[in-house]
Amino acid sequence: MSGAREQAGTRVTSCPSAPPEPGSLLIGVVTAPGQVAYLNPPVPATAELIESFTTAGVPVENRLRFSAPCMEHRCVQWNAETGGGRCGLADRALEKLAITDGPEALPHCGIRATCRWYAQHKRSACAACPEVIRKPAEA
Ligand code: SF4
């Protein structure tokens with residue numbers, strides 16, 4: 001097994017760039033552009049927790065990273081054209097950042113065993129991961 005959980009024949013993978021919604025997991029805090037302090041273990045996100053971070057007009061998505069089960073073909077980022085389907089966001093992020101390798105010491109992330117991006121790109125995904133925010137700043 002590749003590290004992902006297998007449940008009743010269904011491969012369960014985690015999206016590391018999920019929206020901030022109750023039921024998701026808080027997996028990291030953006031500490032600076034391109035830097036994320038990962039939480040291990042992740043913290044279950046409640047409506048109260050998310051609300052507590054909604055301050056100063058800065059989108060929560062710009063300051064925190066959340067994870068939820070990968071929605072595969074129900075996600076706009078899913079690329080079904082490649083064999084079996086892939087997360088197109090991860091592919092594009094690595095291509096745009098010209099990342100071909102990852103760090104020797106991987107971040108102490110709490111979802112690696114099920115991470116969709118890690119499953120696709122191994123440690124290279126972890127080099128791109130801190131660069132990704134869900135909601136680019138307003139111009
Ligand atoms: S890409 Fe790497 S650092 Fe980012 S969530 Fe997945 S396993 Fe963790």
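Everything quoted here is computed from the prediction, not taken from an experiment. Each ligand, and each atom within it, is numbered from 1 in the order the structure gives.
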Side chains of [X] and [Y], heavy atoms from C-beta outward: is any pair under 4.5 Å?
X	Y	result
E72	R116	yes
P16	I111	yes
Y38	C129	yes

Candidate list V60, L39, I50, test side-chain contact (heavy atoms from CB on, under 4.5 Å), partner L26, passing option:
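The passing option is L39.
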
Name the one of V30, V132, I27 that satisfies side-chain contact (heavy atoms from CB on, under 4.5 Å) with V36?
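Testing V36 for a side-chain contact (heavy atoms from CB on, under 4.5 Å) against V30, V132, I27 leaves exactly one candidate, V30.
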
For E61 versus I133, what's the shortest heavy-atom pair and its separation?
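Where E61 meets I133 most closely, the heavy atoms are O-CB, 4.0 Å.
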
What are the two closest non-hydrogen atoms of Q120 and A90, and how far apart are they?
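Minimum heavy-atom contact is NE2-CB, 4.1 Å.
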
What are the atoms of ligand 1, with element, lying closer than 4.0 Å to any heavy atom of [X]?
X	value
A125	1 (S)
P16	5 (S)
P107	3 (S)

Is atom 2 (Fe) of ligand 1 less than 2.8 Å from an N/O/S atom of C115, whether that atom is in the backbone or a side chain?
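Of the N, O and S atoms in C115, none lies under 2.8 Å from atom 2 (Fe) of ligand 1, which means no.
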
For [atom], what's the nearest protein heavy atom and its distance?
atom	value
atom 7 (S) of ligand 1	R112 NE, 3.4 Å
atom 2 (Fe) of ligand 1	C126 SG, 2.4 Å
atom 4 (Fe) of ligand 1	C129 SG, 2.3 Å
atom 8 (Fe) of ligand 1	C109 SG, 2.3 Å

Using a 4.0 Å heavy-atom cut-off, say whether I111 meets ligand 1 through its side chain, its backbone, both or neither.
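The answer is the side chain.
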
